[in-house]
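Below: one structure, written as structure tokens.
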Amino acid sequence: MPRLRFWLLTAALTISGCGGPYPQSTLHPRSDFGRAVDHLFTDIFWWAAGVFVVVEALLVIALIRFRHREGRPAPKPTHGHTVLEIAWTLAPAVILVFVAVPTVRTIFATAGEAPADALRVEVTGHQWWWEYKYPDLGITSANEMHVPVGRPVQVAITSADVIHSFWAPALGGKRDAIPGHVNRIAFRADAVGDYSGQCAEFCGASHANMRLRVLVDADSVFQAWVKTEQGGPAAPAAGSLAARGKEVFLHSPCLACHTIQGVSPGVIGPNLTHVGSRGTIAGGIFPNDSAHLASWIADAPSLKPGSLMTRMKPPLTDADIAALVAYLQSLK
Ligand code: CUA
């Protein structure tokens with residue numbers, strides 16, 4: 001009875017993995033890059049399945065035919081069977097060619113130059129967040145990358161510190177972000193949506209907290225986003241809580257690390273010029289709401305181990321933090 005219970009529990013735990021949804025599955029591709037990887041995976045899966053069936057069948061036959069029986073002499077070993085040896089050397093080599101050629105072809109096809117009209121995005125991995133620059137549009141943003149649907153995108157990937165890996169499974173990646181080196185991927189998204197991804201190369205204490213979002217917008221939505229991002233933030237209304245928050249910001253160490261266009265020049269942390277319009281903070285791990293912003297400002301390392309944004313000394317008062325939150329939320 002305890003054994004039955006054990007197996008039932010094991011089966012329940014295993015089946016619970018089939019529940020979904022799977023926002024980061026490569027098996028639901030939403031771009032040409034994603035489809036290329038999906039085809040490659042399916043092809044190689046069937047090769048592997050064929051090899052598995054043949055090898056296991058031979059193994060089972062050998063186990064049954066040659067197993068020890070009372071009074072029967074040991075089977076005669078085969079030595080130097082030329083045909084057999086050539087066959088089992090050639091067969092895997094041929095299979096490897098069928099695996100290697102499409103793999104290398106896919107790597108080159110997805111790392112190539114996108115067409116001339118492609119949207120160029122420069123991605124820089126930082127411990128532990130993503131920076132996005134649109135060199136032709138004069139935009140710098142963080143953690144949430146916006147691209148238009150149906151248009152080719154050329155992503156140039158590098159790192160500011162250690163090796164990361166950019167990966168939005170439904171759209172493309174995973175491609176290493178290496179300091180001092182640029183890797184490229186190109187993709188064209190099929191469908192409007194909010195696609196999650198994350199760093200896929202161990203990069204320190206908060207590797208698991210280095211998430212990202214790619215927002216694939218309809219063309220008009222993307223153009224509106226570009227227009228907003230290109231402008232500076234609106235100044236908060238005089239006498240408002242946000243206006244007081246701006247004063248707090250200007251007298252805090254925040255401005256040494258963060259850019260707010262027309263307000264502060266820091267380049268160590270994410271650009272905050274339009275932080276109020278983002279859905280998440282802290283490398284995509286928390287929703288961008290008052291409670292999370294306040295806890296983040298008060299004590300970032302307790303929410304994200306190893307965070308370069310340290311506790312403020314002396315700590316800000318709760319009133320100052322509330323004002324700062326109102327200011328950041330006003331930056332749309
Ligand atoms: Cu960045 Cu892992």
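We're numbering straight along the sequence, starting at 1. Read the numbers this way: they start at 1 and go in the same order the structure lists the ligands and their atoms.
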Problem set entry | Arg213/Glu144 ion pair, N-O < 4.0 Å | yes
For this session: May I ask you to check whether Thr140 and Glu131 show a side-chain donor-acceptor distance below 3.5 Å?
Result: no
Problem set entry | Test item: Thr110 side-chain N/O and Ile107 main-chain N/O as donor-acceptor pair under 3.5 Å | yes
For this session: Examine Trp225 together with Tyr134 and report whether their ring centres are nearer than 6.0 Å.
Result: yes
Problem set entry | For atom 2 (Cu) of ligand 1: protein N/O/S atoms at distances below 2.8 Å | 4
For this session: May I ask you to say whether Asp117 pairs ionically with Arg151, meaning some side-chain N is under 4.0 Å from a carboxylate O?
Result: no
For this session: Could you tell me whether the side chains of Asn209 and His207 share a donor-acceptor contact shorter than 3.5 Å?
Result: no
